[in-house]
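This report refers to the structure that appears directly beneath it.
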Number of protein chains: 2
Amino acid sequence: MPNDMADQKGQIPTNLRLLLLLEEVARAGVPVTPAGLVEALGLPKPTVHRLFNTAEEEGFLQRDIDGRSYGPGPRLRRLSVNTLSSQRLRTLRLSILTEVVEQMDETCNISVPDREHMVYLERIETKWPLRIQLPVGTRVPLHCTASGKMYLSSLNPRYLDRYLATHKLEQHTSKTITDVAALKAELSKTRKRGYSTDDEEFMYGMVAVAVAIVDDQGRLVSTLSAHSPLQRNNLVKITENIGTLKSAAEKLSDLLLT
Amino acid sequence: MPNDMADQKGQIPTNLRLLLLLEEVARAGVPVTPAGLVEALGLPKPTVHRLFNTAEEEGFLQRDIDGRSYGPGPRLRRLSVNTLSSQRLRTLRLSILTEVVEQMDETCNISVPDREHMVYLERIETKWPLRIQLPVGTRVPLHCTASGKMYLSSLNPRYLDRYLATHKLEQHTSKTITDVAALKAELSKTRKRGYSTDDEEFMYGMVAVAVAIVDDQGRLVSTLSAHSPLQRNNLVKITENIGTLKSAAEKLSDLLLT
DNA sequence: ACTTTTATTATCAAAAATTAGAAGTATTTT
DNA sequence: AAAATACTTCTAATTTTTGATAATAAAAGT
């Protein structure tokens with residue numbers, strides 16, 4: 001179904017082939033084998049193999065540890081990062097973010113998962129003098145932040161279990177959830193209601209809420225979150241703005257796709 | 001100036017051209033004109049124009065408001081988003097690798113056998129300034145590297161004999177094992193103790209150890225290895241970490257099952 | 001261990017994309 | 001407003017890439 005104009009005219013131009021291949025690999029989301037894509041691409045077997053080889057040689061694809069399947073390589077990742085941080089997109093992102101900040105009057109952030117952390121990608125501050133100092137580029141833990149918990153809640157249960165099995169839940173404040181079962185319950189609640197919260201779990205005096213920014217397959221790609229010092233807003237009050245956050249997150253998702 | 005292997009061999013394969021074009025557009029970060037990329041790509045003007053047209057028709061690029069320059073289109077953005085959100089599996093294995101590197105404080109690699117070589121798939125460097133320069137994608141010989149010998153030791157004797165019969169054991173350093181009988185003895189030792197070593201057999205001043213990453217049937221699919229310059233660690237010392245390596249390899253093996 | 005099935009690689013005539021130079025068109029400068 | 005400059009399109013010969021077939025290798029099944 002998702003094969004655009006690929007086989008529409010019976011033929012795919014040479015120029016496009018590698019690109020379509022990468023598109024399929026990216027869409028698959030998991031490493032794929034050449035044989036597995038032969039049908040999806042509608043190209044002859046030798047061609048597909050050749051394309052995989054070229055892509056690997058050039059660093060656009062990278063072999064998985066099973067030695068036979070391929071996923072995105074360093075060069076494709078760099079290309080992707082550059083694409084998404086292009087000036088035009090950034091401008092549009094910031095304008096959406098600014099609007100949210102004006103409505104909520106709280107600092108907002110866009111963060112992406114990076115290994116075992118969330119990284120702040122963009123942020124717009126409120127005009128209030130009382131601010132939380134977490135500049136762009138800062139890495140924060142997953143298990144005790146709103147954005148991190150939103151991310152964890154989007155993981156397939158198997159990966160989540162693996163993550164939890166290999167990582168200790170470090171205590172940051174007395175409210176940090178350090179028990180695996182409790183965290184899983186919290187994540188399940190997060191999944192159901194579609195937003196996550198941080199009630200002083202990372203820093204004393206700070207509360208936050210986060211929602212997901214998703215791709216065309218509904219996978220989380222980044223998060224939109226709002227932070228506030230307790231002196232100004234408590235969790236209940238900041239949660240009242242979830243609607244605003246959600247609609248902004250939807251706009252941000254659209255930005256990526258249309 | 002960062003034109004990789006573009007004009008290295010005088011020619012860019014047709015298949016890669018569109019991709020290189022998109023790569024340039026993404027790197028630029030701001031909308032670019034066809035003419036502006038002619039030089040950067042080292043391709044003739046008509047070609048560049050045609051590529052831009054194809055890319056636009058297919059939605060990979062889109063015209064800027066000014067009508068003449070192009071930036072990433074919806075399809076390239078989707079591809080990018082999908083690429084970046086399909087990194088979950090990799091994330092997990094990188095975190096395993098990172099942990100090993102932190103414990104051992106030596107560069108670690110995952111490699112897979114590919115024909116007559118081992119290919120580096122993944123690597124995490126130490127913080128040490130003194131490093132061994134073997135980037136991801138590099139191919140190394142089988143008979144004189146830790147990972148290669150680990151792989152050879154896992155081969156069924158018939159295949160091994162056939163390999164040894166048809167391949168000359170090239171001498172890389174004075175310590176390279178070039179005698180078939182001696183290599184077979186070494187491989188048998190490797191098989192028994194469950195790890196392989198490289199004592200300056202591939203490069204002077206470099207030692208390494210490797211263990212196997214196996215699939216559900218116990219077959220070797222890739223290897224996990226640690227490398228060190230002799231100035232920092234000798235073979236005996238690096239071998240003390242075999243336990244760490246083995247338990248990490250086991251975790252990586254588990255990842256294959258999911 | 002052996003057979004069957006599936007995946008990958010090699011070959012080479014056929015097909016498609018590329019190229020260069022020049023001509024046509026728009027845009028900017030004076 | 002005219003000239004200069006930069007950009008885009010056109011063409012047919014040339015170079016590359018392609019893909020049906022078949023050989024080989026690897027996995028799966030018995």
Side-chain angles (χ1 to χ4, degrees), chain A residues 6-21 31-58 61 63-64 66-70, chain B residues 5-21 31-58 61 63-70 112-117 119 142 151-152 154-163 165-167 214-222 256-257:
Chain A
D7 38 22
Q8 162 217 57
K9 199 69 194 97
Q11 282 301 327
I12 308 172
T14 311
N15 278 325
L16 276 174
R17 294 182 175 200
L18 237 196
L19 209 40
L20 291 174
L21 177 83
V32 292
T33 60
L37 277 197
V38 166
E39 202 179 3
L41 288 169
L43 289 172
K45 283 186 288 187
T47 307
V48 173
H49 277 104
R50 245 195 317 253
L51 291 175
F52 267 91
N53 279 336
T54 314
E56 186 189 17
E57 274 166 27
E58 295 290 331
L61 290 183
R63 233 179 261 232
D64 192 55
D66 67 3
R68 37 191 28 261
S69 42
Y70 295 77
Chain B
M5 47 198 42
D7 36 23
Q8 160 218 59
K9 196 70 193 99
Q11 282 303 325
I12 309 172
T14 310
N15 276 323
L16 277 173
R17 296 186 173 194
L18 238 195
L19 207 41
L20 291 175
L21 177 86
V32 292
T33 60
L37 279 196
V38 166
E39 199 178 6
L41 289 169
L43 290 171
K45 281 190 284 186
T47 308
V48 174
H49 282 283
R50 212 153 0 84
L51 291 175
F52 266 91
N53 280 337
T54 314
E56 187 186 15
E57 272 165 30
E58 294 290 332
L61 290 183
R63 243 174 244 256
D64 197 54
I65 323 114
D66 69 2
R68 35 179 46 263
S69 41
Y70 294 77
V112 290
D114 182 41
R115 311 276 201 121
E116 286 123 45
H117 298 276
V119 185
L142 298 179
Y151 168 60
L152 287 179
S154 79
L155 287 180
N156 128 0
R158 258 210 318 242
Y159 289 123
L160 178 59
D161 283 339
R162 200 168 59 179
Y163 173 81
T166 52
H167 294 84
V214 297
D215 67 10
D216 51 348
Q217 291 168 72
R219 289 178 300 203
L220 179 147
V221 290
S222 45
L256 284 173
L257 308 179

So, is A/Thr47 close to the D/dG19 phosphate, meaning a side-chain N or O under 4.0 Å from OP1 or OP2? yes
Hey, does A/Pro44 reach any base, or is it just sugar-phosphate, or nothing, if we go heavy atoms under 4.0 Å? sugar-phosphate
I need the NZ-C1' distance between B/Lys45 and D/dA6, as an integer number of Å. 8 Å
Result for 5'-nearest mapping on DNA chain D, choosing between B/Ala35 and A/Leu51, is B/Ala35
Please round to the nearest 0.5 Å and tell me the distance separating atom CG of B/Leu18 and atom CG of B/Leu61. 8.0 Å
Would you say B/Asn15 reaches D/dT18's phosphate, i.e. side-chain N/O to OP1/OP2 under 4.0 Å? yes
Distance from A/Tyr70 atom OH to A/Leu21 atom CG, nearest 0.5 Å? 10.5 Å
Closest listed nucleotide, where the reference is the side chain of B/Arg219 and the choices are D/dT9, D/dA28, D/dT8: D/dA28
Between A/Arg17 and C/dA16, is there a contact of a side-chain N or O with OP1 or OP2 at under 4.0 Å? no
Spacing between B/Leu43 atom CG and C/dA17 atom C1', to the nearest angstrom: 12 Å
To the nearest Å, how far apart are A/Leu16 CG and D/dT18 P? 12 Å
When the distance from CG of A/Asp66 to C1' of C/dA7 is rounded to whole Å, what number comes out? 14 Å
Got a second to check how far B/Leu155's CG is from B/Tyr163's OH, nearest 0.5 Å? 9.5 Å
Side chain of B/Thr14: nearest nucleotide among C/dG21, D/dT8, C/dT18? C/dT18
To the nearest Å, give me how far apart CD (B/Glu116) and P (D/dA25) are. 11 Å
Separation between OH (B/Tyr151) and CG (B/Asp114), nearest 0.5 Å, reads 9.5 Å
Mapping B/Val48 and A/His49 onto DNA chain C by nearest heavy atom, which one lands closer to the 5' end? A/His49
Mind checking if B/Arg50 touches a base, just sugar-phosphate, or nothing, with heavy atoms under 4.0 Å? base
Rounded to the nearest 0.5 Å, how far does OG1 of B/Thr33 lie from NE2 of B/His49? 8.5 Å
May I have the distance from A/Arg68 (atom CZ) to D/dA26 (atom C1'), rounded to whole angstrom? 7 Å
Let me know the distance between OH of B/Tyr70 and C1' of D/dT8, rounded to the nearest Å. 10 Å
From CG of B/Leu155 over to C1' of D/dA27, roughly how many Å is that when rounded to an integer? 16 Å
Which one, C/dG21, C/dA17, D/dA27, comes nearest to the side chain of B/Pro46? C/dG21
